[in-house]
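To find a chain, count down the sequence lines: A is the first, B the second, and so on, and within it residues start at 1. Because the structure is a prediction, the values reported are computed rather than measured.
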Protein chains: 2
Amino acid sequence: MMSKTSTLQDVARVAGVSTATVSRALSHPNMVSESTRRRVSKAVEVSGYRVNRAARNLRTQRAHSVLVLLPDLGNPFFSAILEGISLNLSRKGYSMLIASTKQVHDSGERLVDYLDDARADGMIILDGGLVAEVIASLKSAPQSKRILFACEWIEEDEFPSVRSENRRGTKAAVRYLHDIGHRKIGHVTGPEGNVLMHARKSAFIEEIGALQLEQHPEWIIPGDFSLAAGCLAAQTWIALENRPTAVFCASDQLAMGFISELSRRNFKVPDDVSIMGFDDIDLAEQFIPPLTSMRQDRLLLGETAAAMLLERLESPEGAGSEHAAVIPVSLIIRGSTAAPR
Amino acid sequence: MMSKTSTLQDVARVAGVSTATVSRALSHPNMVSESTRRRVSKAVEVSGYRVNRAARNLRTQRAHSVLVLLPDLGNPFFSAILEGISLNLSRKGYSMLIASTKQVHDSGERLVDYLDDARADGMIILDGGLVAEVIASLKSAPQSKRILFACEWIEEDEFPSVRSENRRGTKAAVRYLHDIGHRKIGHVTGPEGNVLMHARKSAFIEEIGALQLEQHPEWIIPGDFSLAAGCLAAQTWIALENRPTAVFCASDQLAMGFISELSRRNFKVPDDVSIMGFDDIDLAEQFIPPLTSMRQDRLLLGETAAAMLLERLESPEGAGSEHAAVIPVSLIIRGSTAAPR
DNA sequence: TGGCTCCATGCAATCGATTGCAGGAATTGG
DNA sequence: CCAATTCCTGCAATCGATTGCATGGAGCCA
């Protein structure tokens, strides 16, 4: 079934040297003489040789690939992050494997299997919501050195991670709403138990306190990052007697669902209420009204994650290298927020 | 726990049999006796054995993985398709590699390399816009048997493919707009040269003809599937003297951009003009107004693509199996379309 | 019991690249 | 001119699982 691609042996025969020399000419060019190097590269060209990755991987005990784990492949939020990861991986000659934690879990595979069975050298996890049991199995050395969390992370700071400035971004968002005149500010949160939800919610509460604004428990509406939850949250908001004049949503999808539901109920944004999101996904700019949001640099986040993981994989003893990288966020002001009437 | 993963040898030693027997007990259970099978599986459990994929791949000459090629990783349209592909691949024990055609091209890699160097057994291409040179290099047997196009495809029907009912869907869309009373129908197309753009545009023209509706060249507005192109198309529409009362956009993103621009210019949808899209992406339902669209079953499309490719890879001579699968689309009627005033 | 098949198992080669070790040539120094 | 060093190359083992072939034993029938 496999097409007969030529092997090192073939190249060696053509070049009139041993396979060892060919191998060295390719992977350690400075170990062979100028003339053989040329002979070999000509022979490679003639025979159309491609290194067989399976053989190399077996011999070198490295897979030259990295697994990226998403909570849910269907979620568009992750696509730009993937792009960033892929960019840096392919630069270094690594391949990118993708799996969703849901599917892996359903199929009964264990995550460490990917590392143990030589399919991947390391993994980048974009899902902080892994069940405890899985986390526990990951912590056992030495595979833990080959794992990195991105976007999300887990409570105890066990694994290295790359994240956005969730707390600073949240506070900046609240401060912005305050600066344009809002004094009654609400928050729609992410899903219960999620680390991002917690970081943003607690930062929100702190900043409200720091600005000495009204604190109403019912102004903090539970959600789960989804469009649908945003709709529900809007209904909750509508039902309030004393409504906040601005709502900071923990994700753009929440904000869009919120606005969408308001519009169905004949409320106007930002005239009746200012709404802002978090993430600045592509669509935020085109939404009606265009969505004010806190931009996460997802591409950079992905690139950083890949770079950090590779550094750890390739450094002799996983030593050095920072434990956590934080990616700046930036406030993008658009039409969904305005001074209160 | 154990720093070294155990090998077949270890298991063999524990079970008191040869490595050959262990291997057979695992991959061809019916070739060994009941009792050894039990002994082996106990030994596997005790030693925590995981098959080494690199070794297996080398010996069996198969990578047990499939490469999925996207035009652009950042495009959320593909995420559900990926989910479908991944689902079927992992069921059969395959891994999913992801790369973007842009990145592959930029890095100077050749696509066939993935097949030639034993990184992937086959590939699913979601980008019909590959440059001719690349296509040509792919056609050379025998790698061509391991390639499948999904969503998009290439002009000459060289490779097997999985697609949605683009033509039927388009005609149904036009017929629907006609049925609710529209007689002046426009179309915003995809990018020039794209096979989907061509399929939808030609079907659109045919159906307009079949329904004996007005044909105005300027009612067919060139676009490129993106939000931004939708905005531009709306400007074009506004500038028309004789405007169509309904516009069928070749993608949801186009439709959303179109509506968004209209809204900025104080036109109302569907009061002033009905707009519909194609794809039914997640957001379509929450858009304001909710978007009428032609739903593509992206999950099924992905699953089908994976199933077809694996069938071809695993069948002895790539024989049999249909050459092209077509996935049904369905009309989803929402608030962005209504009878003309 | 003899001769036969059939099943389960082990031996050893194999996949293709990498690399420790050793040896030969070339170079340098004394 | 000999010894010491450096540089380049080849030999052969190795990574770990799979599988064709051979073998020994059990089971069957006459």
query = Under the side-chain hydrogen bond (donor to acceptor under 3.5 Å, both in side chains) rule, what pairs show up with a residue in residues 16-31 of chain A, not counting sequence neighbours?
reply = Ser18(A)-Thr21(A)
side-chain hydrogen bond (donor to acceptor under 3.5 Å, both in side chains) partners of Ser90(A), counting only residues at least two apart = none
ask   = What is the per-nucleotide protein-contact pattern of nucleotides 13-21 of chain C, from the 5' end, where B denotes a base atom under 4.0 Å from a protein heavy atom, S denotes such proximity for sugar-phosphate atoms only, and - denotes neither?
value = BBBBBBBB-
ask   = Is there side-chain contact between Val162(A) and Leu148(A), with heavy atoms separated by less than 4.5 Å?
value = yes
key: Atom-to-atom span, CG of Asn30(A) to C1' of dT6(D) - whole angstrom   = 15 Å
request  = Using salt bridge (charged side-chain N to carboxylate O under 4.0 Å, His left out) as the criterion, list what pairs up with Glu303(A), not counting sequence neighbours.
outcome  = Arg91(A)
task = Not counting sequence neighbours, which residues clear salt bridge (charged side-chain N to carboxylate O under 4.0 Å, His left out) with Lys42(B)? List them please.
result = none
query = So what is the end-to-end bend of the helix from dT1(C)-dA30(D) to dG30(C)-dC1(D), with 5 pairs used at each end and the value given to 10 degrees?
reply = 40°
request  = With heavy atoms under 4.0 Å as the rule, sort Val17(B) into base, sugar-phosphate or nothing.
outcome  = sugar-phosphate
ask   = side-chain hydrogen bond (donor to acceptor under 3.5 Å, both in side chains) with Arg37(B): which residues, sequence neighbours excluded?
value = Glu34(B)
key: Contacts of Ser65(B) that satisfy side-chain contact (heavy atoms from CB on, under 4.5 Å) - sequence neighbours left out   = Ala63(B), Ser95(B), Leu97(B), Ala120(B)
query = Between dC7(C) and Ser33(B), is there an OP1 or OP2 to side-chain N/O distance shorter than 4.0 Å?
reply = no
inquiry  = Checking Arg50(A) now: which residues fulfil salt bridge (charged side-chain N to carboxylate O under 4.0 Å, His left out) with it, not counting sequence neighbours?
reply    = Asp113(B)
